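Note that ligands are numbered from 1 as they come in the structure, with each ligand's atoms numbered from 1 the same way. Since we're looking at a predicted model, the values are computed, not measured.
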Amino acid sequence: MNILVVNCGSSSLKFQLIDSDTEQVSASGNCERIGLDGMITYKAHGEKFVTETDLPEHGIAIKKVLELLVDKERGVISSLDEIHAVGHRMVHGGEKFSSSVIITEDVIKDIESCNDLAPLHNPANILGVRACQEVMPGVKHVAVFDTAFHQTMPAKAYLYALPKEYYEKYGVRRYGFHGTSHSFVSKETIKFADLDPKTAKVIVCHLGNGASISASIGGKCVDTSMGLTPLEGLIMGTRSGDLDPAIIEYLCNHENLTVSEMLNILNKKSGVLGMSGGISSDFRDLNAAANEGNEVAKVTLEAYAYRVAKYIGSYTAAMNGVDAITFTAGVGENAAWLRPMVCKYLGFLGVELDEAASEKACGVEGIISTPESKVKLCVIPTNEELAIARETLALVK
Ligand code: ADP
């Protein structure tokens, strides 16, 4: 079966056509600058093409993608009938969706009722669904939510210590994000580290540009670091993660900023970019600067690793133990130098990093703990598109 995976942003539409039998990607790409000038990057048959083309709206973008997929030279299928289902990435399913669903009009209404919680993302995701439904009315469309995996969290983990009316009136609670990745990587960890799928206690560190960490028991999420929005938790590329909420008023007063301006700073100008005094949000640049002796870069990376280690410690307490800790996403998969910086705090758990194995496991799966380590350490590359394709297949089969 061919599954088209679509991830629609406000001005972009990323796609992959995945053969569910082999789990191989036959074509992939990205439509960018939708509503502006328009550009399509398309990869198939080991080649990459970039075309500048008018993309006034998402409907046109998806039509052009489908034309490319069936194109005589560049295409990978001979007709659209060969696309059996479409899996759509959805950012926020609120408390309404604890798993993926086949999209109906009622489902769209329910997703729209969560728009308030993700005003930048959900409307764009729905736009993508509408555009695809129009050109592919005969196939099933499936919604796969970033928040769904975390819906198994108990109330003690998702409630904030705020007056309870705010949860009741507005749904203010921890939702968590990157759920498709956490779900995929925690399941892969159980297989790869040969753990008991019913009882395994797994911590997944999804360290990318955005970063979050999850704790799961037997494949069910019990806690995660992102909250009502993806701002809470770890230090990220440009996001602050946890801080004293009173800082917001303090800085608004001193810098004469509005709350939205402050939130923009916390989302876009903080994290390792802000802490390092603007060196970079990219961990390769920060590591290079630290290696050249830049003290600010060094302390930024130390603070980053320290925050990850503190979350691992607290989630180990939350689960009363941990069987495996997995690193994933851009930084987690590739930055071998970061792993000793995190693991040096975890000796009390019997964690022993095998540095040579860790150096080898860059962008590929690997067990990076010593045979004596009491906790298995793993690197598992995340693959959100494949996870969406698997979820879609399971619903349409
Ligand atoms: P997102 O999907 O959130 O945009 P990714 O998971 O693709 O993020 O991660 C992107 C980040 O991964 C980049 O900001 C970069 O800092 C980091 N990264 C990629 N390759 C490396 C590497 N070899 N070493 C260190 N960091 C890397």
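With respect to the salt-bridge test (charged N to carboxylate O, under 4.0 angstrom), the residues Lys191 and Glu188 qualify.
Ranking the protein heavy atoms by distance from atom 6 (O) of ligand 1 puts Gly330 N, 2.9 Å first. Of all protein heavy atoms, the one closest to atom 4 (O) of ligand 1 is Asn209 CB, 3.5 Å.
For ligand 1, the atoms closer than 4.0 angstrom to any heavy atom of Asp282 are 15 (C), 16 (O). Atoms of ligand 1 lying under 4.0 Å from at least one heavy atom of Ala329, given by number and element, are 6 (O). Residue Gly210 approaches ligand 1 through these ligand atoms, each under 4.0 Å from one of its heavy atoms: 3 (O). Of all the atoms in ligand 1, the ones that sit under 4.0 Å from a non-hydrogen atom of Ala335 are 25 (C).
For atom 21 (C) of ligand 1, the choice among Val331, Asn334, Leu207 with the nearest heavy atom turns out to be Asn334. Across the listed options Glu333, Met236, Arg284, Arg284 owns the non-hydrogen atom lying nearest to atom 24 (N) of ligand 1.
In this structure, atom 2 (O) of ligand 1 has its sub-4.0 angstrom surroundings free of protein heavy atoms.
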* Stepwise, does the salt bridge (Lys or Arg N to Asp or Glu O under 4.0 Å) test hold for Lys344 with Glu302? -> CA-CA 11 Å; Lys344 72 177 181 192; Glu302 268 304 334; 3.1 Å; yes
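Side-chain contact of Lys187 with Ser183: a donor-acceptor pair under 3.5 Å is present, judged by distance alone.
Every heavy atom of Gly237 sits 4.0 Å or more from the atoms of ligand 1.
In terms of N/O distances under 3.5 Å, ligand 1 is approached by Phe283.
Under the side-chain hydrogen bond (donor to acceptor under 3.5 Å, both in side chains) criterion, the residue pairs touching residues 347-369 are Arg339-Ser358, Glu352-Thr370, with sequence neighbours excluded.
Between His92 and His121, the distance separating the two ring centers is not shorter than 6.0 angstrom.
For Arg74 and Phe49, the positive end sits near the middle of the six-membered ring, less than 6.0 Å away and at most 45° from its axis. For the pair Arg307 and Tyr304, the cation-pi test (distance below 6.0 Å, angle within 45°) is failed.
Without hydrogens or angle criteria, Lys96 side chain to Asp110 main chain gives no donor-acceptor distance under 3.5 Å.
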